[in-house]
Chemist: 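This is the structure I have questions about; it appears just below.
Letters A, B, ... mirror the listed sequences (proteins, then strands); counts begin at 1. Note that the structure is a prediction, hence the values are computed from the model and not measured.
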Amino acid sequence: MADEKLTPRSENYSEWYNQVIQRAELADYAPVRGCMVVRPYGWALWENIQQSLDRRFKETGHVNAAFPMFIPMSFLEKEKEHVEGFSPELAVVTIGGGEVLEEPLVVRPTSETIIGYMYSKWVKSYRDLPILINQWANVVRWEMRTRLFLRTLEFYWQEGHTAHATAAEAEEETLRMLGIYADFAMQDAAIPVIPGRKSATEKFAGAAASYTIEAMMGDTKALQSGTSHFLGQNFAKAFDIQYLDQNNELQYCWTTSWGVSTRMVGAIIMTHGDDQGLVFPPRLAPIQAVIVPIYRNEEEQGKVMPVVEKIRSQLAAFRVKVDDRTEVTPGFKFNDWEMRGVPLRIEIGPKDVEKGTVALARRDKPGREGKAFISQENIVSAVTGLLDEIHISLYNRARDFRDAHMYDPKDYNEFQEVVQNGWAFSWWCGSADCETKIKEETKATTRCIPLDQPGGTGKCIYCGQPATEKTYFARAY
RNA sequence: CGGGGCGUGGCUCAGCCCGGCUAGAGCACACGGUUCGGGACCGUGAGGUCGGCGGUUCAAAUCCGCCCGCCCCGACCA
């Protein structure tokens with residue numbers, strides 16, 4: 001049950017974030033530091049995210065499987081960069097069944113190694129390729145500083161792992177999945193994202209190249225919302241994933257991996273939320289429309305409820321909830337469901353019964369502006385149309401916000417200023433040195449080198465050396 | 001791991017500096033009644049080893065020591 005006002009976003013963004021998650025019952029803190037309990041309402045959102053992504057994976061030929069959570073420590077050590085990147089944040093099991101284990105088991109931080117091991121057993125011939133497997137799983141990374149959904153010790157995600165005969169095929173797969181993530185973000189989550197390549201320092205430990213979709217949150221900070229990695233032959237060589245080609249010659253595979261996590265829930269909260277609470281994108285919202293019946297006595301209740309039932313059954317194609325609680329007032333329910341981000345509210349009271357109407361209120365527009373009375377006969381088309389409209393308006397609002405905080409600073413002085421409350425899109429020479437200094441001096445990191453380049457050349461925003469690509473810089477989560 | 005804050009009914013906190021009878025408030029919860037188209041109200045009630053351990057004292061939520069935990073801000077990260 002919600003109590004009174006949230007901390008406004010403008011006053012304290014992270015406080016707002018924590019409060020809205022707990023009050024809307026998306027998640028709660030677990031008894032273990034850095035761990036969260038995903039509550040039913042939060043999990044329902046995640047399930048819708050899962051379905052949207054899973055459908056796209058299946059459409060592109062992928063199949064699901066499940067690999068073990070425990071990975072022999074020695075597996076991690078087979079890929080040098082990989083183990084260096086992950087060792088600081090590993091959880092390791094050293095005792096099992098009361099006995100000290102001969103070899104410690106790592107709780108998977110990601111599954112490239114164990115899947116690589118299995119692929120080496122499964123792949124013999126070019127005829128076995130490609131392998132296109134995804135798994136929905138939990139993983140553990142022992143983070144210092146945690147935030148609900150954004151960074152927890154344990155999180156849920158999907159990780160796709162594919163093996164291919166050629167580099168070109170694997171690169172194509174990497175970009176195909178990046179495209180699927182971008183499509184999902186825009187079409188279902190109503191989040192505008194920028195697809196691009198990660199810099200060498202930001203890329204996945206063990207990858208040849210990493211790609212990302214980057215989104216701007218409501219406080220202008222960037223959130224990496226999905227990643228897709230071209231792993232080259234790094235893991236194929238470490239795990240001996242080889243096949244015989246048409247010429248009977250032994251070749252190493254080319255592999256990829258790609259993932260989206262429960263962090264996406266954080267992205268949705270921070271992209272669309274407002275001072276009233278959550279605003280869920282209609283295509284992912286666990287409840288797309290809530291019906292609030294309004295009556296003062298049993299007589300009115302007797303007239304209102306049949307209409308509520310009628311409307312509910314007409315809207316069977318949507319995720320609809322009837323809030324029939326008697327212990328709280330309609331006014332309370334309005335605020336409660338707004339806080340929980342439900343895109344549409346349908347009010348049905350005695351006056352509506354009389355006139356054959358319902359009141360329809362949209363979450364993305366506050367107060368009277370978003371409220372309209374429509375005929376009961378038109379309810380299905382009205383809801384269908386409004387949900388689409390809300391999706392579009394949420395997307396546009398987020399895109400406009402992002403564009404309003406996007407800068408192309410003329411020099412480094414201006415750069416330092418704009419990244420305090422926005423992103424900079426600047427030429428960068430590509431040297432890790434400039435990247436590090438910029439980070440030290442401004443806290444802004446390279447977010448991605450967008451696939452979509454303006455063309456031409458320029459001078460590095462930091463050192464002035466010739467640069468061939470423009471890069472997004474921002475403070476990030 | 002550094003800096004800051006905090007542990008008192010389910011939640012938010014007061015009380016602690018300056019020890020003293022039975023530990024308080026608001027919200028939430030239960031019951032009854034009046035309410036109900038933008039966060040209702042009245043009444044009654046239930047609920048607490050004051051984070052843990054040890055010490056000082058006639059007496060500790062309060063003073064002292066140690067430990068544990070959480071949140072926030074930084075260095076690392078889906």
Side-chain angles (χ1 to χ4, degrees), chain A residues 1-7 12-15 17-19 22-23 28-35 84-90 108-110 137-159 181 198 201-205 210 212-214 223-229 257-267 276-277 292-298 300-301 304 325-339 345-354 357-359 361 366-368 370-371 373 439-440 443 445 475-477:
Chain A
M1 195 77 41
D3 41 347
E4 306 310 311
K5 300 272 185 203
L6 287 165
T7 298
N12 185 340
Y13 198 81
S14 64
E15 185 58 31
Y17 180 80
N18 290 334
Q19 279 183 12
Q22 295 210 61
R23 293 204 193 168
D28 202 353
Y29 292 101
V32 178
R33 177 195 76 88
C35 291
E84 278 173 13
F86 280 104
S87 59
E89 51 189 59
L90 293 179
R108 64 180 165 214
T110 177
N138 55 341
V139 289
V140 169
R141 299 181 186 179
W142 215 264
E143 302 288 351
M144 293 301 222
R145 196 149 135 49
T146 57
R147 299 286 310 277
L148 291 171
F149 290 113
L150 299 178
R151 191 175 304 106
T152 46
L153 296 200
E154 181 191 26
F155 60 92
Y156 303 88
W157 74 346
Q158 56 71 216
E159 45 178 327
Y181 287 160
K198 281 290 183 187
T201 51
E202 294 279 333
K203 80 175 171 59
F204 176 75
S210 285
T212 173
I213 50 171
E214 295 286 325
L223 185 73
Q224 177 176 311
S225 307
T227 48
S228 186
H229 313 291
S257 66
W258 26 274
V260 159
S261 73
T262 36
R263 173 178 272 191
M264 184 56 77
V265 172
Q276 297 307 310
V292 178
I294 293 157
Y295 48 80
R296 269 167 297 198
N297 49 47
E298 276 185 24
E300 287 184 352
Q301 182 178 13
V304 166
R325 286 178 291 178
T326 53
E327 67 273 23
V328 290
T329 61
F332 180 91
K333 293 176 184 177
F334 298 169
N335 287 285
D336 196 38
W337 293 111
E338 277 171 10
M339 193 263 299
R345 181 180 71 243
I346 301 168
E347 305 168 21
I348 304 174
K351 291 177 209 160
D352 297 300
V353 173
E354 218 170 280
T357 59
V358 302
R368 248 170 236 284
K371 199 157 159 176
F373 292 87
K439 185 177 176 181
E440 283 170 4
K443 290 182 185 167
T445 53
R475 292 163 308 131
Y477 276 100

Chemist: Under 4.0 Å: is that the gap between some side-chain N or O of A:Arg296 and OP1 or OP2 of B:rU35?
Modeler: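 For B:rU35, OP1/OP2 do not have a side-chain N/O of A:Arg296 under 4.0 Å.
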Chemist: Of all the nucleotides listed (B:rA75, B:rC77, B:rG39), which has the minimum atom distance to the side chain of A:Phe332?
Modeler: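 Closest nucleotide to the A:Phe332 side chain: B:rG39.
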Chemist: For a quick test of reading the model: is some side-chain N or O of A:Asn12 closer than 4.0 Å to OP1 or OP2 of B:rC72?
Modeler: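 No, A:Asn12 has no side-chain N/O under 4.0 Å of OP1/OP2 on B:rC72.
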Chemist: Determine: side-chain N/O of A:Arg145 to OP1/OP2 of B:rG74, distance under 4.0 Å, yes or no.
Modeler: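 Yes, within the criterion.
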Chemist: Looking at B:rA60, which nucleotide sits across from it as a Watson-Crick or G-U wobble partner, both distances under 3.5 angstrom, or is there none?
Modeler: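 Looking at the geometry, B:rA60 pairs with no nucleotide.
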Chemist: In terms of side-chain heavy atoms of A:Arg345, which of B:rA78, B:rG38, B:rG39 is nearest?
Modeler: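 Of all the options, the side chain of A:Arg345 is nearest to B:rG38.
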Chemist: Over all strands shown, is A:Lys333 touching base, sugar-phosphate only, or nothing at heavy-atom distances under 4.0 angstrom?
Modeler: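 No contact.
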Chemist: Report which part of the nucleic acid A:Gln224 touches: base, sugar-phosphate, or nothing (heavy-atom distance under 4.0 Å, all strands).
Modeler: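 Sugar-phosphate contact only.
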Chemist: Would you mind classifying the nucleic acid contact of A:Glu15 as base, sugar-phosphate or nothing, using non-hydrogen atoms under 4.0 angstrom?
Modeler: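 Answer is nothing: A:Glu15 stays at 4.0 Å or more from every strand.
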Chemist: Looking at B:rG37, B:rA78, B:rC1, which one has an atom nearest to any side-chain atom of A:Met144?
Modeler: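 Nearest to the side chain of A:Met144 among the choices is B:rC1.
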Chemist: Which of the following nucleotides, B:rC36, B:rA78, B:rC71, is nearest to the side chain of A:Asn18?
Modeler: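 The closest nucleotide is B:rC71.
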Chemist: How do A:Tyr29 and A:Thr201 order along RNA chain B: which one's closest nucleotide is nearer the 5' end?
Modeler: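 First, find each residue's nearest nucleotide; the 5'-ward one identifies A:Tyr29.
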Chemist: Does A:Lys198 have a side-chain nitrogen or oxygen under 4.0 Å from the phosphate oxygens OP1 or OP2 of B:rA78?
Modeler: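 Negative; the distance criterion is not met.
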Chemist: What about A:Asp352: does its side chain form a donor-acceptor pair under 3.5 Å with the base of B:rG37?
Modeler: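 Per atom types, the contact qualifies.
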Chemist: If you check the A:Ala359 side chain, which of B:rG37, B:rA78, B:rA75 turns out closest?
Modeler: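 Minimum distance to the A:Ala359 side chain belongs to B:rG37.
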Chemist: Do A:Phe149 and A:Tyr156 have their ring centres less than 6.0 Å from each other?
Modeler: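 Ring centroids of A:Phe149 and A:Tyr156 are no less than 6.0 Å from each other.
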Chemist: Take atom P in B:rG69 and the same atom in B:rA78, then report the distance between them in whole Å.
Modeler: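 Going atom to atom, P in each nucleotide, I get 27 Å.
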Chemist: Could you check which of B:rG39, B:rG37, B:rA75 has an atom nearest any side-chain atom of A:Lys351?
Modeler: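 Closest nucleotide among those given: B:rG37.
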Chemist: Looking at B:rA40, I'd like to know if its phosphate oxygens (OP1 or OP2) sit under 4.0 Å from a side-chain N or O belonging to A:Thr329.
Modeler: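 Indeed, a polar side-chain atom of A:Thr329 lies that close.
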Chemist: Which of these nucleotides, B:rA78, B:rA75, B:rG37, is closest to any side-chain atom of A:Arg263?
Modeler: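 Among B:rA78, B:rA75, B:rG37, the one nearest the side chain of A:Arg263 is B:rA78.
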Chemist: Regarding A:Pro350, tell me which of base, sugar-phosphate or nothing describes its non-hydrogen contacts under 4.0 Å with the strands shown.
Modeler: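 Touches a base.
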Chemist: Just compare B:rG37, B:rG38, B:rC77 and give me whichever is closest to any side-chain atom of A:Glu89.
Modeler: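 Taking heavy atoms from C-beta onward, the closest nucleotide is B:rC77.
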Chemist: Checking all strands, does A:Lys371 fall into the base, sugar-phosphate, or nothing category for heavy-atom contacts under 4.0 angstrom?
Modeler: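 Counting heavy atoms under 4.0 Å across all strands, the contact made by A:Lys371 includes a base.
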Chemist: Can A:Phe155 be classed as stacking with the base of B:rA78, given a centroid separation cut-off of 5.5 Å and a plane angle cut-off of 30°?
Modeler: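 Yes, A:Phe155 stacks on the base of B:rA78, since the ring centres sit under 5.5 Å apart and the planes are within 30°.
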Chemist: Are A:Ser210 and B:rA78 close enough that a side-chain N or O sits under 4.0 Å from OP1 or OP2?
Modeler: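 No, outside the criterion.
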Chemist: Let me know, please, whether A:Gly34 or A:Gly259 comes out on the 5' side of the other along RNA chain B by nearest nucleotide.
Modeler: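 Whichever sits nearer the 5' end wins; that is A:Gly34.
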